[in-house]
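Okay, structure first, notes after.
Convention: sequence-line order gives letters A, B, ...; per-chain numbering from 1. What you see below is based on every heavy atom in this structure, not just the backbone, and it leaves out hydrogens, waters and symmetry mates.
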Amino acid sequence: MRAEPSILHVDLDAMFAAVEQRDKVSLRGKPVIVGGVAGRGVVATASYEARAFGARSAMPMAQARRRCPPGTAYLSPRFAAYKRTSEVVMALLAEVTPLVEQVSIDEAYLDLAAAGHDLSPRGVTEIAMRLKREIAAATGGITGSVGVASSKLLAKIGSELRKPDGLTVVPAGGELAVLHPLPVGRLGGVGPATEQRLHRSGVRTVGQLAEVPLEDLVDWFGTAHGGGLFRLARADDDRPVVGEREAKSVSAEETFEVDLTDPVRLNRELDLLSARVAGRLRSGGITGRTVNIKVRHHDFTTVTRAITRDQPTDDPRLVAQLARRLLTEIDTSGGIRLLGVGVSTLADFAQDDLFSSFPEGFWSAVPAGPAEDEELDHPFMREEVSIAASDGEPGGPPHPATNPGGLLAPPATALAGRPTPPAGDSGAQLVPAAPDLAGRPASGAVDSDAEHVPAAPDLAGPPVPEALDPGERLVPAVGQVEAFPAWRPGQDVRHEEYGAGWVWGSGLGRVTVRFEGPRTPPGPVRTFAADDPLLSPADPPDWRE
DNA sequence: TCTGGGGTCCTAGGACCC
DNA sequence: TCTGGGGTCCTAGGACCC
C-alpha cells in the first residue's frame, strides 16, 4: 500500500459486446451476448442490457438463451476486432505512463508514480477523467471504468464499484472504508471454493475476514493463500505493477460438440492441437521441455498427464507423438468431452536439434485453425441476430441514442431501477437477421461503414446543467463519476429516496450530483452540489440542493 | 442442451542428490 | 539401526482469473 493513490486500473466495460454494438447500429440498446453460440458454448460477455435479464459471463449459453428475451443477439466472438480496439486503448495508456501492466485484452494497471504525475486525489482524478474521455473518443465510444488507489487491490475494486463508465478514486487512508463492507467474494483470489469455506465459518464481509486470526486462515487455506487473505483483508498489498511478463506455458484445447470415443479420431485431434501449440511456440520464438495433455471425461472429471524431456522442442510432430503416448495412459472408453495439449517449462531460445525441420508442405497440410489476426467471419462462426417486433415500444429499456439527456444521461442499466423487459415480447416476431449485417466488410476499431458512429458523444460542448453556478468550470465527465468515499450512491439517504444518481460535474472543486426519480411514473430530477467532496474522505461533504 | 479457452499459481508427494 | 535434512525436479490436481 502506497502513501498516495498512484495505481490506476482500467477495465473496458463489457468490451466484446460493446465493440459489437459500436460496429452494428442495430444492436445498440439491445441485449447482446458474445460467446460460444453452439451447443456447449458459454457466455464470454453480456452487454449491460443482457445483464438486466440475468445473463452473465461464464454462464452456459443455453441458460442465457432461456433468460433473455426475443430480440437478443447471440454472436460469436470476433477476436481480431477486439484486439484492434484493445491496441488502440493500450497505446493511450502507454502515453500516460511507461509502466503499464496489461492483465488481459480489456484490462490494465498503470503505475502513475513512474511518470511523475501529480498524485494528489485531485491530480489523479484529472488524469483518470482525461483518460476515460480519450478512450471513448479513440475507440468510437467504448467506455472504460477506472479505479485509482494506493494498491492494485483497491484500484481494481475501485474500477468495479461504479461500472459501467465509472470512476472511483480511493484517497490514501480511505482504503478500509471501501474494503471492509464488501462481500469477501470481491477480493481477488476469492473464488467459489474459498468463499464457501469462509461462509461456513460465518465470514461474509472483508471486515469480518480481517477479524480472523492468521493461524485460522493458514489452517483453512495453506500458507500462501491464507497469508494472502490475511493481508488483503487489511488492504496490505504491495504487489508492484509489472510491465512485461514472459509466458510460462502455451496450450490449446477443444470441447467437442459430442463426446468422442473413437481412438483414431482422438489421436487426430491431438495432432491438430499439437500443431496449433507448436505453431504458436514457433511464432513466439520459444521452445518447451514439458508436454501436457488434458482430458475431460463425459462426466466432466478432468485428468492431466505430463512428460518432461531433457531437450526443449517446438516440433509439432514430436509434441503430437508425446501427447499420443500420454493419452494411452487414460481410459477414454466412456467418452471424451474435451482434449487439450500444452507445452511448458519454456526456454526462450530455440534448441538446434535434428527434429526442427519440417517436410515440405507440412503446414499447409495441417488446418491449424484461424490465425490470431484473421477475421472470424468464417461460415462456422455463426451469427444470429433476431429483432423483436417490440422495438421502440413504450415501456422498453430507454435507448441511449434517443435519450434527451444526451451526454449527461448514463447508460440505461446504470440506473438503479433495472430496465424493464420490453412489453409484449410474447407475440414478437423474429426476423432472422438484421438487414444491416448483409455483406458488410470486416469492421475494425476505426470503421468507415456508413452506419458507424465515429466517436463518443460530442465532448467539446456539453450542455451546462442548470444546477451549476454560472461561470463554473465544467469538466465534461463521461458518464458516471464517483468520488469515493466521500459520496456513495446506495449509502446516501438521498439515494434511497431517488433510486439513481450520477455525478456529472467538474470533479475538480465543485461536483454536482444529479438524481433521477423512480422511472414509473417518471419522478423528478433533483440536483445537488458540494465543494471538493473528493478531498475530504473522513468528513462527509455537505451536499446542497 | 449445464459447465469455453487461455492462462497463472499453489500444494503435496515421490524421486533423487549431497 | 526409530525412522536426518535440506534442496531441486517432476507430476497431478485444484483454485482462480479474464
### Message
Strictly below 4.0 Å: does A/Arg65 bring a side-chain N or O up to OP1 or OP2 of B/dT1?
### Response
no
### Task
Could you measure between the two C1' atoms, the one in B/dT3 and the one in C/dA15, and give it in whole Å?
16 Å
### Task
Just label B/dT3 as syn or anti from its O4'-C1'-N9-C4 or O4'-C1'-N1-C2 angle, using within 90° of 0 for syn.
anti
### Message
With a cut-off of less than 4.0 Å, is there a side-chain N or O of A/Arg289 near OP1 or OP2 of C/dT11?
### Response
no
### Query
Do A/Thr313 and A/Asp315 get their side chains close enough for a donor-acceptor pair, meaning under 3.5 Å?
no
### Task
Using a cut-off of strictly less than 4.0 Å between a heavy atom of the residue and any atom of DNA chain B, enumerate the qualifying residues of residues 323-342 of chain A by number.
A/Arg337, A/Leu338
### Query
Please give, in whole Å, the distance from B/dG4 C1' to A/Phe300 CZ?
9 Å
### Query
Under 4.0 Å between a side-chain N or O of A/Lys156 and OP1 or OP2 of C/dC18?
yes
### Message
Syn or anti for B/dC2, given that syn means the glycosidic angle lies within 90° of 0?
### Response
syn
### Task
Find the distance between NE2 (A/His225) and CH2 (A/Trp220) and round it off to the nearest 0.5 Å.
12.5 Å
### Task
May I ask you to verify if any side-chain N or O of A/Thr194 is less than 4.0 angstrom from the OP1 or OP2 atom of C/dC16?
yes
### Task
Would you indicate, yes or no, if C/dT11 has its OP1 or OP2 atom less than 4.0 angstrom from a side-chain nitrogen or oxygen of A/Thr308?
yes
### Query
With distance as the sole criterion, is a donor-acceptor pair present between the side chains of A/Ser145 and A/Asp11 under 3.5 Å?
no
### Query
Should stems be defined as at least three consecutive Watson-Crick or G-U pairs with both distances under 3.5 angstrom, which of them involve DNA chain C?
B:5-18 with C:5-18
### Message
Under 4.0 Å, heavy atom to any atom of DNA chain C: which of residues 229-256 of chain A qualify?
### Response
none
### Task
Give a yes or no answer on whether the side chain of A/Thr97 reaches the backbone of A/Leu99 with a donor-acceptor pair at less than 3.5 Å.
yes
### Message
Does B/dG4 have OP1 or OP2 under 4.0 Å away from a side-chain N or O of A/Arg296?
### Response
yes
### Query
Do A/Asn292 and A/Ser344 get their side chains close enough for a donor-acceptor pair, meaning under 3.5 Å?
yes
### Query
Rounded to the nearest 0.5 Å, how far does OG1 of A/Thr287 lie from CG of A/Leu346?
7.5 Å
### Query
When you compare C/dG4 with B/dC16, how far apart are their C1' atoms, in angstrom units rounded to a whole number?
16 Å
### Task
For the pair A/Arg2 and A/Asp111, find out whether any cationic side-chain nitrogen is under 4.0 Å from an anionic carboxylate oxygen.
yes
#### Entry: Straight-line distance of A/Tyr74 OH to A/Met61 CE, nearest 0.5 Å
8.0 Å
